[in-house]
Amino acid sequence: MKKAFITGIAGQDGSYLSELLLSKGYEVYGLDREGSNLENVPKGVKLLYGDLGDHDSLREALKKSEPDEVYNLAGVSDLKTAFEQPEKTLEINYNSVGILLKESLKVNKNIRFLQASSSEIFAPSRFPFNENSKRDWETNNPYAKAKMMADRDFIQKLRKEKNVFACSAILFNHESPMRPAKFVSRKIINTLVKIKFGIENCLSVGNLDMCRDWGFAGDYTDAMWRMLQRDVAEDLVIASGKVHRVKDFIEIAARILDMKLTWYGEGVNAYASCKGKKIVEVVTTFYKPTEKYFRIGDISKAKHVIDFEPKINFEELVKMMVKFDITELNEHS
């Protein structure tokens, strides 16, 4: 029986990945950080207390689990926190990656290690991003800088110099019903469902024309597992290969909820009404200018080497999230 150790077990990726591994007969261990909400962690996962910032706890957890595979999915993940706490971001998203990988090798010299990297590492470009796209070393984004440094200094370096089986999954935006409410996708769905049921009145958002390459988290965690089953370790771009606007997210969710939207205005003055009531508004607090180039992933290599093909398309993803929130609302009403 294979054993896997997952950091970020309480997050959406940790939830879907642990469910997948359990279904494949793995013994799954998860790093339980104090204060984490564990309601989405599947039964069968063995929780070990620890924190990426507490290196002693990492060593202890690895000794107890003795894993064959390590998936590092934890870290400072939202940009607001990253900019407010750059030192913490560097410690968790960079230094701790090196500690985790090196300690994993002490426990199992044949460890297979996956690092969750990010599309934020790439320099702006009009072309879709692939594994060889230029990194944005001039960025002032602490999150992106820490991810790039971890990829270069730990994953790629140890792979090249010591033949360690370590790779980075360069993940584009991925969503699911497990996404925390602070993320825009979850906020859109949750608020529109509550408006439909008369609990809230209006959804406040930023730039409606902001584009993202959005996919389903369950598809991406399957890709991560596939990456560690190969004969060779390579970094791969994991994405949907398609982009949609924030406005598309809103319109599809509204249609699923049978809410007919009428749009007025443009830019910061844009809003939408339903049956004569304003239910979507753009507010300057959240508004960011439209990016010159939108970020889209080129998944040609992942398709070829791990047979990666997203199973859930954008509309199905939105529908899944809407259904989940309706069920949650009914169960707690």
Side-chain angles (χ1 to χ4, degrees), residues 6-17 30-41 49-55 57-58 71-100 115-122 124 135-155 168-191 204-207 210 212-215 217 220-221 246 249 283-289 291 295:
I6 303 172
T7 70
I9 194 72
Q12 65 166 0
D13 290 0
S15 173
Y16 284 106
L17 178 61
L31 192 67
D32 175 14
R33 183 170 60 88
E34 186 176 358
S36 294
N37 183 346
L38 301 174
E39 65 178 357
N40 295 324
V41 177
Y49 171 77
D51 191 295
L52 282 182
D54 180 352
H55 299 160
S57 72
L58 288 183
Y71 298 84
N72 184 31
L73 311 183
V76 175
S77 58
D78 66 289
L79 295 183
K80 184 174 183 292
T81 301
F83 277 98
E84 289 177 350
Q85 303 180 50
E87 291 182 2
K88 177 184 177 182
T89 302
L90 184 67
E91 172 61 26
I92 300 300
N93 290 9
Y94 173 66
N95 291 330
S96 294
V97 179
I99 296 293
L100 182 62
Q115 163 70 0
S117 189
S118 167
S119 62
E120 293 288 331
I121 67 175
F122 294 121
R135 271 50 171 177
D136 190 7
W137 289 105
E138 303 303 315
T139 185
N140 65 349
N141 180 337
Y143 171 83
K145 185 65 73 70
K147 288 289 186 181
M148 280 188 288
M149 291 169 61
D151 289 344
R152 179 194 65 189
D153 297 347
F154 306 127
I155 305 302
S168 293
I170 306 171
L171 305 170
F172 280 65
N173 291 65
H174 48 293
E175 315 298 330
S176 76
M178 308 302 170
R179 209 33 149 168
K182 63 185 177 183
F183 290 87
V184 66
S185 59
R186 193 77 168 78
K187 176 185 176 183
I188 288 169
I189 302 299
N190 191 257
T191 306
S204 297
V205 293
N207 191 339
M210 197 68 79
R212 290 290 181 268
D213 182 331
W214 272 303
Y220 290 22
T221 53
V246 169
F249 222 116
V283 295
T284 55
T285 310
F286 304 138
Y287 195 90
K288 294 179 181 178
E291 296 160 325
R295 292 175 181 271

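Just the heavy atoms: all of them, side chains too, but no hydrogens, waters or symmetry mates, feed the values below.
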*Asks:* Suppose we screen for side-chain hydrogen bond (donor to acceptor under 3.5 Å, both in side chains). Which residues come up paired with Asn72, at least two apart in sequence or across chains?
*Replies:*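 For Asn72 the side-chain hydrogen bond (donor to acceptor under 3.5 Å, both in side chains) partners, ignoring immediate neighbours, are Thr7, Gln115.
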*Asks:* CD1 of Ile121 to OG1 of Thr139: how many Å apart, nearest 0.5 Å?
*Replies:* 11.5 Å
*Asks:* Dump the intermediate steps for side-chain contact (heavy atoms from CB on, under 4.5 Å) on Val205 and Val283, then the final yes or no.
*Replies:* CA-CA 6 Å; Val205 293; Val283 295; over 6 Å; no
*Asks:* Show the nearest heavy-atom pair for residues Ser185 and Arg179, with the distance to one decimal.
*Replies:* OG-CG, 4.0 Å
*Asks:* Hey, does the side chain of Ser57 reach the backbone of Asp51 with a donor-acceptor pair shorter than 3.5 angstrom?
*Replies:*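 Indeed, once roles are kept as given, a pair shorter than 3.5 Å links the two residues.
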*Asks:* Would you please indicate yes or no on a ring centroid separation below 6.0 angstrom for Trp214 and Phe249?
*Replies:*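 Yes, they do, as the ring centres are separated by less than 6.0 Å.
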*Asks:* Check Asn95 against Glu91 and note the closest heavy-atom contact, atom names and distance.
*Replies:*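 Of all heavy-atom pairs spanning Asn95 and Glu91, the closest is ND2-OE1, 3.0 Å.
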*Asks:* To the closest 0.5 Å, what do you measure between CD (Gln12) and OG (Ser77)?
*Replies:* 9.5 Å
*Asks:* What are the two closest heavy atoms between Glu175 and Asn173, and how far apart are they?
*Replies:* OE2-CB, 4.0 Å
*Asks:* When you measure from the side chain of Ser96 to the backbone N and O of Asn93, does any donor-acceptor pair fall under 3.5 Å?
*Replies:* no
*Asks:* If I take atom CG from residue Leu79 and atom CG from residue Asn141, how far apart are they, to the nearest 0.5 angstrom?
*Replies:* 5.0 Å
*Asks:* Output all residues satisfying ring pair (Phe, Tyr, Trp, His ring centres under 6.0 Å) with Tyr16, sequence neighbours left out; order by chain, then residue number.
*Replies:*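 Applying ring pair (Phe, Tyr, Trp, His ring centres under 6.0 Å) to Tyr16 gives Phe216.
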*Asks:* Using 0.5 Å steps for rounding, measure from the CD1 atom of Ile99 to the CG atom of Leu58.
*Replies:*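 Here the rounded value is 8.0 Å.
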*Asks:* Determine whether Leu90 and Pro86 make a side-chain contact, defined as any pair of heavy atoms from C-beta on separated by less than 4.5 Å.
*Replies:* no
*Asks:* Atom CG in Asp151, atom OG in Ser117: separation rounded to 0.5 Å?
*Replies:*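 So the CG of Asp151 and the OG of Ser117 are separated by 3.5 Å.
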*Asks:* Go through Tyr94 and Asp153 one step at a time and tell me if the side chain to side chain donor-acceptor pair (under 3.5 Å) criterion holds.
*Replies:* CA-CA 9 Å; Tyr94 173 66; Asp153 297 347; 2.7 Å; yes
*Asks:* With side chain to side chain donor-acceptor pair (under 3.5 Å) as the test, would you mind laying out the steps for His174 and Asp13 before giving the verdict?
*Replies:* CA-CA 9 Å; His174 48 293; Asp13 290 0; 2.9 Å; yes
*Asks:* Is a donor on one side and an acceptor on the other found under 3.5 Å between the side chain of Thr191 and the backbone of Lys187?
*Replies:* yes
*Asks:* Is a donor on one side and an acceptor on the other found under 3.5 Å between the side chain of Asn40 and the backbone of Met178?
*Replies:*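 Not at all, since once roles are kept as given, no pair shorter than 3.5 Å links the two residues.
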*Asks:* Nearest 0.5 Å, what's the CG-CG distance between Asp213 and Leu171?
*Replies:*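 Answer for the CG-CG pair, Asp213 versus Leu171, is 11.0 Å.
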*Asks:* Output yes when a side-chain donor or acceptor of Lys147 lies under 3.5 Å from a complementary backbone atom of Ala116, and no otherwise.
*Replies:*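 Present.
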*Asks:* Would you say the side-chain atoms of Arg295 pair up with the backbone N or O of Ser119, donor to acceptor, closer than 3.5 Å?
*Replies:*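 Here the side-chain-to-backbone pair exists.
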*Asks:* Hey, does Leu31 have a side-chain heavy atom less than 4.5 Å from the side chain of Ile9?
*Replies:*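 They are not in side-chain contact.
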*Asks:* Between Ile170 and Ser118, what is the shortest heavy-atom contact and its length?
*Replies:* CG2-O, 3.6 Å
*Asks:* Are any side-chain N or O atoms of Thr89 and backbone N or O atoms of Gln85, one a donor and one an acceptor, separated by less than 3.5 Å?
*Replies:* yes
*Asks:* Does any part of the side chain of Leu38, heavy atoms only, come nearer than 4.5 Å to the side chain of Val41, both counted from C-beta?
*Replies:* yes
*Asks:* Using the ring pair (Phe, Tyr, Trp, His ring centres under 6.0 Å) criterion, which residues pair with Tyr143? Sequence neighbours excluded.
*Replies:*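 By the ring pair (Phe, Tyr, Trp, His ring centres under 6.0 Å) rule, Tyr143 matches no residue at all.
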*Asks:* Apply side-chain contact (heavy atoms from CB on, under 4.5 Å) to residues Met148 and Phe122 and explain how you reach the verdict.
*Replies:* CA-CA 9 Å; Met148 280 188 288; Phe122 294 121; over 6 Å; no
*Asks:* Is the shortest side-chain heavy-atom distance between Val184 and Phe286 below 4.5 Å?
*Replies:*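 They are not in contact (no side-chain heavy atoms under 4.5 Å apart), so the answer is no.
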*Asks:* Quick test of your reading of the model: are Glu120 and Lys145 salt-bridged, counting only N-O distances below 4.0 Å?
*Replies:* no
*Asks:* Taking the six-membered ring of Phe183 (Phe, Tyr or Trp), confirm whether the NZ or CZ of Arg186 is under 6.0 Å from its centre and within 45° of its axis.
*Replies:* no
*Asks:* So which atom in Asn140 and which in Pro142 form the shortest heavy-atom distance, rounded to 0.1 Å?
*Replies:* O-CD, 3.2 Å
